[in-house]
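Notes for the one structure printed next.
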Amino acid sequence: MKLSNKTSVLILAVLIVVNLAISVFYVTAKQGYHEDELLTYNLANSSKQLDVSGGWSTPEDFNEYLSVSDEHRFDYAQVYRNQIIDASHPPLYYAMVHTVCSLFPNEFNRYFAFSVNVAAMIGILILLYKIGRRVSGSNLWGLTSAGAYALSVACITTTIYLRMYSMLTFFVLAFVWQSIRLYDKNNTISFADCLLTTLIVMLGILTQYYFILFAGLTGLVFLVLKIKERCIKDIFKYAFASIFGAAFALGVYPFIISNVLGGNRGIGSLELSVDPITIVTYLGYKLCTYAQVLAKDLFLNQIWLLVFCVVCAVGAGIYFRFVKKQKLNRAAMFVIIPAIVYFIVISILSPFNSDRYVMASLPLISMIFTLVLARIFSLFRAQGLRLIVPACVLAACAVGFVTVKPYYTYGKTNLYEPQTKQCVFVGTAMLEWNKCIDKLMQYDGTMIVQTDDMSPTLIDELEDFANARGVVTNGKVGEMAKSFMYNGETDKRSSGSLKAVGGDSRLSSLDSVTVYISRLADKDKVIDYITGNTKFKNYELIQADYSFDDFYNWYDYFVETESYCNVYRFSI
């Protein structure tokens, strides 16, 4: 079945509209935020820090922490300084969010960052269609590839997660598409082509550092293919354009090197002697976890379906190459090799087991399986049978949204209906209050304090969690977790401020107060301190924290907005 370019553009527009409608539904329905989503707003908009030593914060204080003030609208120097302090990511995405927020000063709204993701996702779907059409030589299969991703849980998750990964995915696909375009030009790459390549590389690196890995893998494919074809001029132009892009990014933000090599997370400075059996079993667990993430995002949350599709893809590749004697389309190499290698490498190296780290590869992985299915059905002479592929994709997407809950939508909680007017948050050095800001804004006043006493059972729970999933820990998981909680310094302790609760005059005037106690804190000691040093002698649990046992992937536990805390109502 052939589709004209005009018809294809119309269908693509419909796909984009449907995708945006689904994304708007889920972002509107989501309740709460991942802590990094709230950090997006703080790092993009404000230099304000909250008092965690026992002072009281008002809803206005939290709003100032997240929003742009009148005097700092379009203040990109402040955005830049915030990234230097955070030392984790480059500034481009935050600058884009800041731009939108500057149009609505003194307001915090999820749709501000969401609008940046929406713009990126529109670009992603257009590029995916172009790449799919070039690889398959068909408008129909290009649209099917774009549709398979546009209507997937992976796409919606990427769009509603209020971080830079949608924008990263856009620049990754832009670089892949540009590389395919330049590959098609046999020693005719123009200055304009080089300039565009430089711009894409610069903006990609300034969005997220994982772009460097994906671009490197794509460039390697380009290099190998051009060497085979002896197009040396193309190699030099492509390489120099990419290097200039990286150099310009480094010139704009020279902290890239220190961020990539270390950052402020401290894990790179750890001196842990992890034994080989722990490494092997932990890597096995990580790969299995990422397989589960991939199954959830693209295969109806069914591991068996993922395995079946992988077997079919490998089998089809062998059949067409060695039986039908058909070589793989070289443009397809730009899709297959970078996407699969990136997914595997990031699965192994990522600091947490999270879909966000592999989001940039998911559109191309979705395309690989879609085009393999189309290739299999091309063996049938009846043209009508080939329409089974788009029909199957549409049916699978419909089933997916009925049976699978996207990440970052979170659950339902009663914490948005405060039982008291004042609140106390007891956290640790990990700054857990940051993921609860939207809840804390519901109270007239919130006191944030920290305790040095970590949960005495947490390390054992982590060890048991890992052991139950096949990791031979030998105590190393707990050691790594403890080091991470102290930012890479096992002897580091925060300055505890829990004692401020005992002598606070506002608390002494209340009949009841809501108290959040971090899961990482020793809740028994906190409760004993409050009941022993204030007039609040009675307490009841409002909402219990989740259990590790509810999750296969411990990252799932940490992204849940209701986790991290046990919440109590204390009364006299």
Side-chain angles (χ1 to χ4, degrees), residues 23-52 55-76 78-83 85-86 89 91-120 159-167 408-410 412-413 415-418 421-423 425 427 431-448 514 516 559-562 564-565:
S23 298
V24 169
F25 170 80
Y26 277 105
V27 80
T28 302
K30 75 183 275 183
Q31 186 180 50
Y33 300 86
H34 185 282
E35 58 186 323
D36 285 351
E37 292 179 302
L38 293 170
L39 271 177
T40 289
Y41 284 89
N42 174 245
L43 293 173
N45 296 331
S46 174
S47 61
K48 181 180 178 62
Q49 298 299 315
L50 297 175
D51 188 345
V52 297
W56 285 88
S57 297
T58 65
E60 291 72 26
D61 292 325
F62 292 121
N63 190 68
E64 289 176 13
Y65 179 81
L66 299 172
S67 64
V68 178
S69 62
D70 288 314
E71 61 270 24
H72 287 290
R73 296 175 66 190
F74 305 106
D75 184 357
Y76 298 103
Q78 180 63 62
V79 180
Y80 194 93
R81 287 192 295 269
N82 285 350
Q83 307 327 307
I85 295 171
D86 184 59
H89 299 103
L92 182 59
Y93 174 74
Y94 298 101
M96 297 300 293
V97 173
H98 176 76
T99 300
V100 177
C101 293
S102 293
L103 300 174
F104 307 93
N106 304 309
E107 291 186 33
F108 166 66
N109 191 303
R110 69 185 64 184
Y111 297 104
F112 297 161
F114 176 65
S115 66
V116 176
N117 288 7
V118 164
T159 309
I160 69 173
Y161 183 46
L162 307 179
R163 293 289 281 169
M164 72 289 295
Y165 297 98
S166 182
M167 196 162 150
Y408 312 111
T409 54
Y410 314 116
K412 296 296 182 183
T413 174
L415 296 178
Y416 290 98
E417 300 174 359
K421 293 185 177 181
Q422 311 293 334
C423 174
F425 189 101
L431 308 179
E432 304 89 319
W433 52 266
N434 192 66
K435 74 182 302 178
C436 297
I437 289 177
D438 61 314
K439 301 182 188 69
L440 303 183
M441 292 174 74
Q442 309 301 311
Y443 299 91
D444 292 344
T446 299
M447 172 190 284
I448 301 175
T514 299
Y516 284 67
V559 301
E560 289 293 343
T561 186
E562 291 85 20
Y564 263 9
C565 294

_Going by the rule side-chain contact (heavy atoms from CB on, under 4.5 Å), which residues pair with Thr28 if we only count those two or more places apart in sequence or in a different chain?_
Val24, Tyr111
*What's the shortest heavy-atom distance between Gln442 and Pro418, and which atoms?*
CB-CG, 3.5 Å
*Can you name the residues that form a side chain to side chain donor-acceptor pair (under 3.5 Å) with Gln78, not counting sequence neighbours?*
Arg81, Asn82
*When rounded to the nearest 0.5 angstrom, what is the spacing between CE in Met96 and CE in Met167?*
5.5 Å
_Option among Asp36, Thr409, Val27 that satisfies the side-chain contact (heavy atoms from CB on, under 4.5 Å) test with Tyr161_ = Asp36
*Between Tyr408 and His34, how do the two ring planes meet: parallel, tilted or perpendicular, split at 30° and 60°?*
perpendicular
*Search all heavy atoms of Cys436 against all heavy atoms of Leu38 and return the closest pair with its distance.*
N-CD1, 4.4 Å
_Once rounded to the nearest 0.5 Å, what's the spacing between atom OH of Tyr93 and atom CD of Gln83?_
11.5 Å
_Short side-chain to backbone donor-acceptor contact, Asp444 and Gln422, under 3.5 Å_ = no
*Kindly write out the residues that satisfy ring-ring contact (aromatic ring centres under 6.0 Å, His included) with Phe62, not counting sequence neighbours, or none if the list is empty.*
none
_salt bridge (Lys or Arg N to Asp or Glu O under 4.0 Å) evaluation trace for Glu37 with Lys30_ = CA-CA 12 Å; Glu37 292 179 302; Lys30 75 183 275 183; 2.7 Å; yes
*ring-ring contact (aromatic ring centres under 6.0 Å, His included) partners for Phe108, two or more places apart*: Tyr33, Tyr41
*How far apart are the C-alpha atoms of Cys423 and Leu440, what are their side-chain angles, what is the distance that settles it, and do they pass the side-chain contact (heavy atoms from CB on, under 4.5 Å) test?*
CA-CA 7 Å; Cys423 174; Leu440 303 183; 3.8 Å; yes
_With a 6.0 Å cut-off (strictly less than), is the heavy-atom count around CD of Glu71, excluding the residue itself, greater than 12?_
yes
*Who pairs with Asp61 by salt bridge (charged side-chain N to carboxylate O under 4.0 Å, His left out), at least two apart in sequence or on another chain?*
Lys48
*asked:* Run the side chain to side chain donor-acceptor pair (under 3.5 Å) test against Thr514 and tell me which residues pass, sequence neighbours left out.
replied: Thr420
*Ile160 vs Phe25 side-chain heavy atoms within contact, under 4.5 Å*: no
_Pair Asp70-Asn106, side-chain hydrogen bond (donor to acceptor under 3.5 Å, both in side chains): steps then yes or no_ = CA-CA 7 Å; Asp70 288 314; Asn106 304 309; 3.1 Å; yes
*Kindly write out the residues that satisfy side-chain contact (heavy atoms from CB on, under 4.5 Å) with Pro59, not counting sequence neighbours, or none if the list is empty.*
none
_Check: Thr40 side chain, Leu162 main-chain N or O, donor-acceptor pair, under 3.5 Å_ = yes
*Mind checking what makes side chain to side chain donor-acceptor pair (under 3.5 Å) contact with Thr446, not counting sequence neighbours?*
none
*Report the residues that fulfil side chain to side chain donor-acceptor pair (under 3.5 Å) with Ser23, sequence neighbours left out, ordered by chain and then residue number.*
none
*Is the Lys NZ or Arg CZ of Lys435 less than 6.0 Å from the centre of Tyr564's six-membered ring, within 45° of the axis?*
yes
*Working to the nearest 0.5 Å, report the span between SG of Cys101 and CG of Asn109.*
8.5 Å
*Between the side chains of Asn434 and Tyr65, is a donor N or O closer than 3.5 angstrom to an acceptor N or O?*
yes
*Can you tell me how far CG of Asp75 sits from OH of Tyr80, rounded to the nearest 0.5 angstrom?*
14.0 Å
_According to ring-ring contact (aromatic ring centres under 6.0 Å, His included), who are the partners of Tyr165, at least two apart in sequence or on a separate chain?_
none
*Should Tyr516 and Leu415 count as side-chain neighbours, where that means a heavy-atom distance under 4.5 Å?*
yes
*asked:* Within this structure, what is the OG-NE2 distance for the pair Ser46 and His72, rounded to the nearest 0.5 Å?
replied: 8.0 Å
*May I ask you to test the Lys421-Tyr443 pair for a side-chain heavy-atom distance under 4.5 Å?*
no
*Kindly give the heavy-atom pair with the smallest separation between Val79 and Ala95, and that separation in Å.*
CG1-N, 3.9 Å
*Before giving the answer on side-chain contact (heavy atoms from CB on, under 4.5 Å), spell out for Asp438 and Tyr416 the whole-Å C-alpha distance, their side-chain angles and the decisive distance to 0.1 Å.*
CA-CA 9 Å; Asp438 61 314; Tyr416 290 98; 2.3 Å; yes
*Under 3.5 Å, is there a donor-acceptor pair between the side chain of Asn45 and the main chain of Leu66?*
yes
*For Ser102, check side-chain contact (heavy atoms from CB on, under 4.5 Å) against everything at least two apart and list the hits.*
Val68, Arg73, Phe74, His98
_If you define the side chain from C-beta out and look only at heavy atoms, does anything of Glu60 sit under 4.5 Å from Met441?_
no
*Mind checking ring-ring contact (aromatic ring centres under 6.0 Å, His included) for Phe112 and listing every partner two or more places apart, or none if nothing turns up?*
Phe104
